[in-house]
Structure formats: structure tokens, C-alpha cells
There are 2 protein chains.
Amino acid sequence: MTADHDPLGLDNQLCFAAYSTAHAFNRLYRQHLSALGLTYPQYLVLLVLWENAPVPVKAIGDRLMLDSGTLTPLLKRMETMGLIIRERASHDERQVLVRPSTAGLALKDRARALPPAIACATGLDPESLGRMVEDLQTLRTRLLANAQPE
Amino acid sequence: MTADHDPLGLDNQLCFAAYSTAHAFNRLYRQHLSALGLTYPQYLVLLVLWENAPVPVKAIGDRLMLDSGTLTPLLKRMETMGLIIRERASHDERQVLVRPSTAGLALKDRARALPPAIACATGLDPESLGRMVEDLQTLRTRLLANAQPE
DNA sequence: CAAAATCAGATTGTGCGCAATCTAAATTCG
DNA sequence: CGAATTTAGATTGCGCACAATCTGATTTTG
């Protein structure tokens, strides 16, 4: 059966390795984020807003590679939770500018505990971890280049 | 702002690298799988069934790390599409055994074109690709060990 | 300037993913 | 054997993801 070399073997495919690892991350984060009342995608939005705000929805989408069909309801929920503020840009009525509320900003301090805890769970030393991040980013770039024939 | 070393910087986090790479894979696969009328999770189920069938739902879940809440409706859709057959096991009425139909088996031949096409899109040589698969599997194991304190 | 094209978000519909709960069957144990 | 426990799947409810479509604002162009 030589499953080791079967191209259709589940455990030989990079896609499933990425898929299942992303799910594993999601599960681990869920445990840490439940204390903050956040889902993982909501946490990602806050990471973007903590770096730079206010930003239009489009910019968040570019950064996280998500479209308005995903972001609009997600941001509405976060606004209802009191974490962010959305308002139309006066200079361009098409845009909706998003920024963290005071409560959303306050979460940043509590979130600082996460990266070290997660890094520990990976069992990787800082260099290996950094290399893996770069490898995945390179891979992602190549996949997207092949996935979006403009 | 030395974003290069900010632990909360989006681009410094392994989780986002994994999350966004998995999405990029999903997008690329969608293009290739649309010709077969499959979604990516449905393709994963077939990979499992092509390796070994019939198998109970539980075994598919163990293999793909998905629970019945995800699999039951997914498998029902695949049964409606005529790709798989589900039937209660006679020796244990709790189990539902799943196996590919003739149509589901026939898809395997058409699916053989996928792995080479995807491998090409990754731009990775076979060794790098294999190493990355192993690194991700190791990482996944560690994450799951930390995510499920029994 | 006005029509056409582009762009930002919102909306709709479908398919995962998962927690929580439920049912029925099988196993364990007193 | 019979009650308690465990197990396999199904169900419900919610939150992403994304394609497709729609609306209204802005930009481009003829």
C-alpha cells in the first residue's frame, strides 16, 4: 500500500497539514480568548486596530484577507459588544472607518499575555518559530498568486 | 514603532500565518474542486474513504479532527449528491458506516490531477514540501496536546 | 458636465466548525 | 440480570467564510 508515497494520502498533503494546524490553533486560542469574550477572528480585528486606527473596513479586509461579507456582520457584533466604533468617513461617504472603543483599547493590556502563552504551547524556540512564520508567509504569497488569476 | 518585534504584531504571529495560509489553500483548492462539484471538506472526506472504507463516522472524525456536528450534515449532503452511502452497522446499531458510491470512487481518478497541480503552485521542491508537512504535523500535535487538558 | 465605470459596504444564501444537548444503543458493574 | 455509565450520531444555535448581488458614492471619460 506504500501510503508513504501516495499523492492522495491525507497525511502526505501540505494542505491538510495547514488546515488541521490552523484548526488546532483556533482551538487553543478559543480557550485563552474566552476569558476576554472574543472569538479568534474578532481578536484578529483588534490586532489590526491596535496597530493603527481608524481604518476603513476595506483596509481591515486587505490585512486579514477577508471580504465585506465576512467583516460587516463581524464588525457589527463587535460594535454591539462595545469593543469598536464604526462611522462613515466624511471625506468619502462610501467608507466606514473603524476604531477601538475605550473598552477595545483596554483589552490590549490583557491580550499581551497571549503571545507568550501560545509560543510556549508550540514548543518551538524563537528562531524556529520565526522561520516557520516566514515559510508560511512565503507559501501563502505563492498560493494567492496562483489562486487569483486577475 | 519597531513592529518587527511587537509580540502583538499581526505579521509576527504564527497563528495568523497558519490561519491565512490555510485560507489561501482553501481558495486555490476551490478553483480546482469546483470542476468536481466538491468543497474542500468534502474532498477531505473522500480522501479518507478512498484510503479505507467502509468506516464509521467517528473514524472519519478522528482522522479529520471534526465532530459529528460538522460531519453529520456534511455527509448527508454528500449522500444526497450520490457520492457516498451511509448505513447503520448491523453489529453495532450506534454506528453509521460510510463508503463511497460508484460515483464517489470514480472521482478518485479525476482527483489524481490535483496534488501535482497544487504542489506546483506552492513553488516548493519535494524535500522542502515534505519537511513543511512534518513541521506542521509536529506543531499540530503540540497545540492539540495543550488545547485539550482532558 | 453627464454617462459609464469603478469602488466601499451591505445583503442574501450556502457550507463549514464547534459547543451544548439529546436519543438510543452498547458496555460496565454492583 | 438490571441500573448506571459510556458511546455514536443527530440536532440546535451561533459565528465565521465566501460567492453573488445590490445600493449608493466617487472617479473616469467622452
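Chain identifiers are assigned alphabetically (A, B, ...) following the order of the sequence lines, protein sequences preceding nucleic acid strands; residue numbering begins at 1 within each chain.
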Not counting sequence neighbours, which residues clear side-chain hydrogen bond (donor to acceptor under 3.5 Å, both in side chains) with A:Arg131? List them please.
->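 A:Arg131 satisfies side-chain hydrogen bond (donor to acceptor under 3.5 Å, both in side chains) with no residue once adjacent residues are dropped.
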Rounded distance (Å) that lies between atom C1' of C:dA10 and atom CD of A:Glu79 =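 It works out to 14 Å between those atoms.
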When the distance from CG of A:Leu44 to C1' of D:dG15 is rounded to whole Å, what number comes out?
->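 Those two atoms, CG and C1', are 14 Å apart.
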Sequence neighbours excluded, which residues qualify as salt bridge (charged side-chain N to carboxylate O under 4.0 Å, His left out) partners of A:Arg99?
->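 Expected list: A:Glu87.
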Residue met sooner reading DNA chain C from 5', once B:Leu66 and B:Ser90 are mapped to nucleotides =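 Counting from the 5' end, the first nearest nucleotide belongs to B:Leu66.
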Where at least one partner belongs to residues 112-130 of chain B, residue pairs that pass side-chain hydrogen bond (donor to acceptor under 3.5 Å, both in side chains), sequence neighbours excluded =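 Every side-chain hydrogen bond (donor to acceptor under 3.5 Å, both in side chains) pair that includes a residue of residues 112-130 of chain B, provided the two are not neighbours, is B:Asp109-B:Arg112, B:Asp125-B:Ser128.
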Which part of the nucleic acid, if any, lies within contact of A:Met78, taking any heavy atom under 4.0 Å across all strands shown: a base, the sugar-phosphate backbone alone, or nothing?
->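 No contact.
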Per-nt protein contacts along nucleotides 3-13 of chain D (heavy atom under 4.0 Å; B base, S backbone sugar-phosphate only, - none) come out as ----BSSBB--
In chain order, what residues pass the ring-ring contact (aromatic ring centres under 6.0 Å, His included) check against A:His23, with sequence neighbours excluded?
->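 A:His23: ring-ring contact (aromatic ring centres under 6.0 Å, His included) contacts with A:Tyr19.
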Go through the structure and list residues passing ring-ring contact (aromatic ring centres under 6.0 Å, His included) with B:Phe25, not counting sequence neighbours.
->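 Listed in chain order: nothing, the list is empty.
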Nearest nucleotide by nearest heavy atom, which residue falls closer to the 5' end of DNA chain D, A:Arg77 or B:Arg30?
->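 So the residue in question is A:Arg77.
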Nearest to the side chain of B:Pro41, which nucleotide is it out of D:dA19, D:dA25, C:dG17?
->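 Shortest atom-to-atom distance from the side chain points to C:dG17.
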Which one, C:dA25, C:dC16, D:dA19, comes nearest to the side chain of B:Glu93?
->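 Looking only at side-chain atoms, B:Glu93 lies closest to C:dA25.
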